[in-house]
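Residue numbers count from 1 along this sequence. Predicted, not measured: the structure shown is a model, and the values here were computed from it.
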Amino acid sequence: MRVFLVDDHAVFRSGVRAELSREADMEVVGEAGAVGEAITGIATSGPDVVLLDVHMPDGGGVAVLQGIEKGNGNGGSKAPVCLALSVSDAAEDVIAVIRAGARGYVTKTISGSELADGIRRVAGGDAVFSPRLAGFVLDSFTGRSPAPEPPLDPELDSLTPRELEVLRLLARGYTYREIAESLFISVKTVETHASNVLRKTQQSNRNALTRWAHRRRID
């Protein structure tokens, strides 16, 4: 089974590659850290499954999915199955990539063996989700609880995808070191993002920021 990795963190890609190398039926045939590089690499290597990060600086998973669809529509080879692999478990992220064509969505808390099983399942035609995420999709597509248009929130909208990820983990009570390990970045980088978040949201300290995030259901 040919797998292609898309994530803007090289250290994370290395970890996933190492995990999948233990699987006798899987081969990582390529990887990319940016949208354009991913679309080109996927077209060239012809993978069966693409593991796709949701948030990247130049457009993220939805942009990659759109690029794959466009290439396939222009007479490209058979499109691979895409499985989103993200630190985010926000409903809007899940729904966006599924509507764009991903076959499943799992979070980065997943174990190596669970990830390998998820790859096999989407390759076999199943839809794969981390616990509780499937409900977001079912509610959205049945119309019982459609994803609403988010209200205008200039402070929230000013945050970059990475700052939003840091904010979510801060709101859940993660330490800076735990956030760094979860996102595969340095503690210093986490501190920089946290400082930017405090400034942009106009909050004075972490406790105030946590309350601000919870009011907006960012957790």
Side-chain angles (χ1 to χ4, degrees), residues 1-23 26-69 71 79-90 92-94 96-98 100-123 128-130 133 159-169 174 178-187 189-190 192-193:
M1 194 174 305
R2 298 165 60 82
V3 181
F4 193 99
L5 310 179
V6 181
D7 194 286
D8 61 333
H9 290 93
V11 174
F12 181 77
R13 296 199 306 270
S14 296
V16 173
R17 181 185 284 271
E19 289 287 345
L20 297 185
S21 68
R22 301 172 186 171
E23 306 297 326
M26 292 184 191
E27 175 190 7
V28 176
V29 296
E31 59 181 71
V35 171
E37 179 187 4
I39 294 170
T40 300
I42 291 166
T44 302
S45 60
D48 301 304
V49 177
V50 175
L51 285 181
L52 184 61
D53 191 15
V54 174
H55 292 299
M56 292 185 290
D58 54 349
V62 171
V64 175
L65 286 160
Q66 291 170 341
I68 293 172
E69 181 180 6
V81 179
C82 294
L83 174 62
L85 176 61
S86 175
V87 70
S88 170
D89 60 0
E92 59 269 24
D93 289 335
V94 178
V97 295
I98 296 303
R103 188 64 184 173
Y105 193 117
V106 295
T107 60
K108 290 182 177 178
T109 57
I110 195 170
S111 69
S113 60
E114 289 172 334
L115 179 59
D117 181 61
I119 291 171
R120 294 187 186 98
R121 288 172 59 196
V122 295
V128 175
F129 295 92
S130 288
L133 300 188
L159 301 180
T160 66
R162 178 59 77 200
E163 288 167 353
L164 189 56
E165 288 177 334
V166 170
L167 171 60
R168 284 197 175 102
L169 295 178
Y174 281 50
E178 289 170 335
I179 295 173
E181 291 173 353
S182 178
L183 299 181
F184 297 93
I185 57 180
S186 70
V187 174
T189 300
V190 174
T192 299
H193 287 315

Engineer: Can you list the residues that meet the salt bridge (Lys or Arg N to Asp or Glu O under 4.0 Å) rule with Arg103, with sequence neighbours excluded?
Structural biologist: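 Salt bridge (Lys or Arg N to Asp or Glu O under 4.0 Å) check on Arg103 returns nothing, list empty.
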Engineer: May I ask you to test the Pro47-Val3 pair for a side-chain heavy-atom distance under 4.5 Å?
Structural biologist: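 No. Closest side-chain heavy atoms not under 4.5 Å.
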Engineer: Between CG of Leu183 and OG of Ser186, what distance do you get to the nearest 0.5 Å?
Structural biologist: 11.0 Å
Engineer: So how far is it from Glu181 CD to Tyr174 OH, rounded to the nearest 0.5 Å?
Structural biologist: 11.0 Å
Engineer: For the residue pair Ser130 and Thr107, establish whether any side-chain heavy-atom pair is separated by less than 4.5 Å.
Structural biologist: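 Yes; the side chains approach each other to less than 4.5 Å.
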Engineer: Can you name the nearest heavy-atom pair linking Leu83 to Val128, along with the distance?
Structural biologist: CD1-O, 4.2 Å
Engineer: Answer whether the closest heavy-atom distance between the side chains of Lys108 and Asp53 falls below 4.5 Å.
Structural biologist: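 Yes - at least one pair of side-chain heavy atoms lies under 4.5 Å apart.
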Engineer: Does a side-chain heavy-atom distance below 4.5 Å link Val6 with Met56?
Structural biologist: yes
Engineer: Examine distances only and state if a side-chain atom of Ser45 and a backbone atom of Val29 form a donor-acceptor pair shorter than 3.5 Å.
Structural biologist: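 No, Ser45 side chain to Val29 backbone: no donor-acceptor pair under 3.5 Å.
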Engineer: Mind running side-chain contact (heavy atoms from CB on, under 4.5 Å) on Glu23 and Arg120 for me, showing each step along the way?
Structural biologist: CA-CA 11 Å; Glu23 306 297 326; Arg120 294 187 186 98; 2.6 Å; yes
Engineer: Let me see the working for Val190 and Leu169 under side-chain contact (heavy atoms from CB on, under 4.5 Å), right down to the final yes or no.
Structural biologist: CA-CA 11 Å; Val190 174; Leu169 295 178; over 6 Å; no
Engineer: Once rounded to the nearest 0.5 Å, what's the spacing between atom OG1 of Thr192 and atom CD1 of Ile185?
Structural biologist: 9.0 Å
Engineer: If I compare all heavy atoms of Val106 with all of Phe129, which pair ends up nearest, and what's the gap?
Structural biologist: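 Taking every non-hydrogen atom into account, CG1-C, 4.3 Å.
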Engineer: Any side-chain donor paired with an acceptor under 3.5 Å for Ser111 and Ser113?
Structural biologist: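 Side chains of Ser111 and Ser113: pair found under 3.5 Å.
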Engineer: Quick check: do Leu65 and Leu52 have side-chain heavy atoms less than 4.5 Å from each other?
Structural biologist: yes
Engineer: Do Asp89 and Thr109 come close enough that some side-chain heavy atom pair is under 4.5 Å?
Structural biologist: no
Engineer: Write down the atom of Val64, the atom of Ala38, and the distance for their closest heavy-atom approach.
Structural biologist: CG2-CB, 4.2 Å
Engineer: Please give me the minimum heavy-atom distance between Ala84 and Val54, naming the atom from each residue.
Structural biologist: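 Result for this residue pair: CB-CG2, 4.1 Å.
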Engineer: State whether the side chain of Ser14 and the backbone N or O of Ala10 hold a donor-acceptor pair below 3.5 Å, judged by distance alone.
Structural biologist: yes
Engineer: So, taking the atom named CZ in Arg168 and the one named CG in Leu159, what distance separates them when rounded to the nearest 0.5 Å?
Structural biologist: 10.0 Å
Engineer: Quick check against the 3.5 Å criterion: does Asp48 have a side-chain atom that pairs as donor or acceptor with the backbone of Arg2?
Structural biologist: yes
Engineer: Per the side chain to side chain contact (heavy atoms under 4.5 Å, CB included) rule, which among Leu164, Val87, Thr160, Asp93 passes with His55?
Structural biologist: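 The residue from Leu164, Val87, Thr160, Asp93 that satisfies side chain to side chain contact (heavy atoms under 4.5 Å, CB included) with His55 turns out to be Asp93.
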Engineer: Would Arg13 and Leu51 count as a side-chain contact (heavy atoms from CB on, under 4.5 Å) if you check the C-alpha gap in whole Å, the side-chain angles of each, and the deciding distance to 0.1 Å?
Structural biologist: CA-CA 10 Å; Arg13 296 199 306 270; Leu51 285 181; over 6 Å; no
Engineer: What distance separates Leu85 CG from Leu5 CG, expressed to the nearest 0.5 Å?
Structural biologist: 9.0 Å
Engineer: What's the spacing between Ile179 CD1 and Thr189 OG1 if we round to 0.5 Å?
Structural biologist: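 The CD1 atom of Ile179 sits 12.0 Å away from the OG1 atom of Thr189.
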Engineer: For Ser21 and Ala18, indicate whether the former's side chain and the latter's backbone hold a donor-acceptor pair under 3.5 Å.
Structural biologist: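 At least one qualifying donor-acceptor pair exists.
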Engineer: How would you list, by chain and number, every residue that makes a salt bridge (Lys or Arg N to Asp or Glu O under 4.0 Å) with Glu37, sequence neighbours excluded?
Structural biologist: none
Engineer: List the atom of Gly60, the atom of Val35, and the distance in Å for their closest heavy-atom pair.
Structural biologist: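 Scanning both residues, the minimum pair turns out to be N-CG2, 3.6 Å.
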Engineer: Less than 4.5 Å apart, side chain to side chain, heavy atoms only: is that true for Glu19 and Leu115?
Structural biologist: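 No, too far: nothing below the 4.5 Å cut-off.
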Engineer: After noting the C-alpha distance and the side-chain angles of Val49 and Cys82, does the key distance pass the side-chain contact (heavy atoms from CB on, under 4.5 Å) rule?
Structural biologist: CA-CA 6 Å; Val49 177; Cys82 294; over 6 Å; no
